[in-house]
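Inspection log for the structure reproduced underneath, given as structure tokens.
The structure displayed is predicted, hence computed values, not measured ones.
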Amino acid sequence: MSQPVQRAAAQSLISKYVNKETLKYMLTTHFWGPVSNFGIPIAAIYDLKKDPELISGPMTLALVVYSGIFMRYSMAVTPKNYLLFGCHFINESAQLGQAFRWLKFNYFGEKPAVKGTEKTA
């Protein structure tokens, strides 16, 4: 590809995505709210590797409900906020993973024995 053709392609791509509407959108809470909110699902995904003993059942339940409500809200507003929906969809998935780990650890798995309570023969 020659240099003038590459330059024209780059300018076409830039003009398509970097325009007044895009810049105007990036200065709204419709954009920055979900972007700043992505810390929650990132932390939840990171926490999937941690010990299940550290998981708080009530907090996980609260985050599952919170993300479910905001997934619905993101589709109810005008215009639809797909970025917010994506953020809460990822968080919902990660929190449900945490909830299953918590349930398995606390109700369906074996908890490690507490020191001093082991039976001796």
Testing the basics here: between Gly68 and Glu92, what is the closest heavy-atom pair and its distance to 0.1 Å?
N-OE1, 3.1 Å
Short side-chain to backbone donor-acceptor contact, Asn81 and Ser74, under 3.5 Å:
no
Under 30°, 30 to 60°, or over 60°: which ring-plane class applies to His88 and Tyr66, parallel, tilted or perpendicular?
perpendicular
Here the gap from Ser56 atom OG to Trp102 atom CH2, rounded to the nearest 0.5 Å, amounts to 8.0 Å
Work out which heavy atom in Gln95 is nearest to a heavy atom in Val64; give both atom names and the distance.
CB-CG2, 3.6 Å
I need the minimum non-hydrogen distance between Cys87 and Pro41, along with the two atoms involved.
O-CG, 3.7 Å
Enter the distance from Ser93:OG to Leu48:CG here, rounded to the nearest 0.5 Å.
10.0 Å
Starting from Ile55, can I reach Tyr46 by hopping between I/L/V/M/F/W/Y residues whose side chains sit under 4.5 Å apart?
no
Around atom CZ of Phe38, are there more than 12 heavy atoms of other residues, nucleotides or ligands at under 6.0 Å?
yes
Looking only at the aromatic ring of each residue, does the gap between the centers of Phe85 and Tyr82 stay below 6.0 angstrom?
no
Pair Leu63, Gln98 - check side chain to side chain contact (heavy atoms under 4.5 Å, CB included), show working.
CA-CA 10 Å; Leu63 286 168; Gln98 290 287 67; over 6 Å; no
From the list Ile40, Ile42, Ile45, side-chain contact (heavy atoms from CB on, under 4.5 Å) partner of Ile90 resolves to Ile45
Starting at CD of Glu53, measure out to CZ of Phe105 and round the result to the nearest 0.5 Å.
4.5 Å
More than 12 heavy atoms of other groups within 6.0 Å of Met75 CE:
yes
Are side-chain heavy atoms of Val77 and His30 found at a separation under 4.5 Å?
yes
